[in-house]
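Starting off with a structure, shown below.
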Amino acid sequence: FFRLGILAYNLFQGFKHWALKKEWRQHQVRTVRWRLYQTAGKIVRHAGQLYLKVRDSAMALFADIRHYCGQLAAEGET
C-alpha cells in the first residue's frame, strides 16, 4: 500500500516538473487537483463529433500540457 502511494507521489512530481509551467511546481497535490482536474467543462456534440468545452484559461493550460508532453515523447524517440 505504501509503495503504491510513493509511486503515485513520484508520478505526480514528475508530471509537475515536466508537463506544467514553473509557477505550478510549488503547488501541492490538493491544489493541482482542485485547479486542474476539477475544471468545469461541458461535452457538446456537433456535426457527429464530441467536443469538450472549457474556459479559455483552462484550454491554454491544457494546450501547454499537451505541448510539453509532445516534446517529451519526441525526445524519448531519439
Tyr9, OH atom: more than 12 neighbouring heavy atoms under 6.0 Å
no

Ring geometry between Trp24 and His27 (parallel below 30°, tilted from 30 to 60°, perpendicular above 60°)
perpendicular

Mind running side chain to side chain contact (heavy atoms under 4.5 Å, CB included) on Leu36 and Ile65 for me, showing each step along the way?
CA-CA 11 Å; Leu36 181 65; Ile65 292 170; 3.9 Å; yes

Assess whether side-chain hydrogen bond (donor to acceptor under 3.5 Å, both in side chains) is satisfied between His67 and Gln71, documenting all intermediate values.
CA-CA 6 Å; His67 175 74; Gln71 284 181 336; 3.1 Å; yes

Which value, rounded to the nearest 0.5 Å, describes the distance between Arg30 atom CZ and Arg33 atom CZ?
7.0 Å

Is the number of heavy atoms from other residues, nucleotides or ligands under 6.0 Å of Gln28 CD greater than 12?
no

Heavy-atom nearest pair, Trp18 first then Tyr68, reads O-CB, 3.5 Å

Quick one: CG on Leu61 to CG on Asp56, what's the gap to the nearest 0.5 Å?
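One gets 12.5 Å once the value is rounded to the nearest 0.5 Å.
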
Side chain of Lys53, backbone of Gly41: donor and acceptor closer than 3.5 Å?
no

Give the intermediate values and the outcome of side chain to side chain contact (heavy atoms under 4.5 Å, CB included) for residues Val44 and Leu50.
CA-CA 6 Å; Val44 178; Leu50 287 176; over 6 Å; no

Within the supplied structure, the quantity of interest is the number of heavy atoms (other residues, nucleotides, ligands) at a distance under 6.0 Å from Leu7 CG; does it exceed 12?
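Counting other residues, nucleotides and ligands, CG of Leu7 exceeds 12 neighbours.
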
Treating Ile, Leu, Val, Met, Phe, Trp and Tyr as nodes and any side-chain heavy-atom pair under 4.5 angstrom as an edge, say whether Phe62 and Val32 lie in one connected cluster.
yes

First locate atom NZ of Lys21, then atom CG of Asp64, and finally report the distance between them rounded to the nearest 0.5 Å.
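Here the interatomic distance stands at 4.0 Å.
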
Please step through side chain to side chain contact (heavy atoms under 4.5 Å, CB included) for the pair Leu4 and Ile6, ending with a clear verdict.
CA-CA 5 Å; Leu4 184 61; Ile6 291 170; over 6 Å; no

For the backbone of His17 and the side chain of Arg25, can you confirm whether one donor and one acceptor N or O come within less than 3.5 Å of each other?
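Present.
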
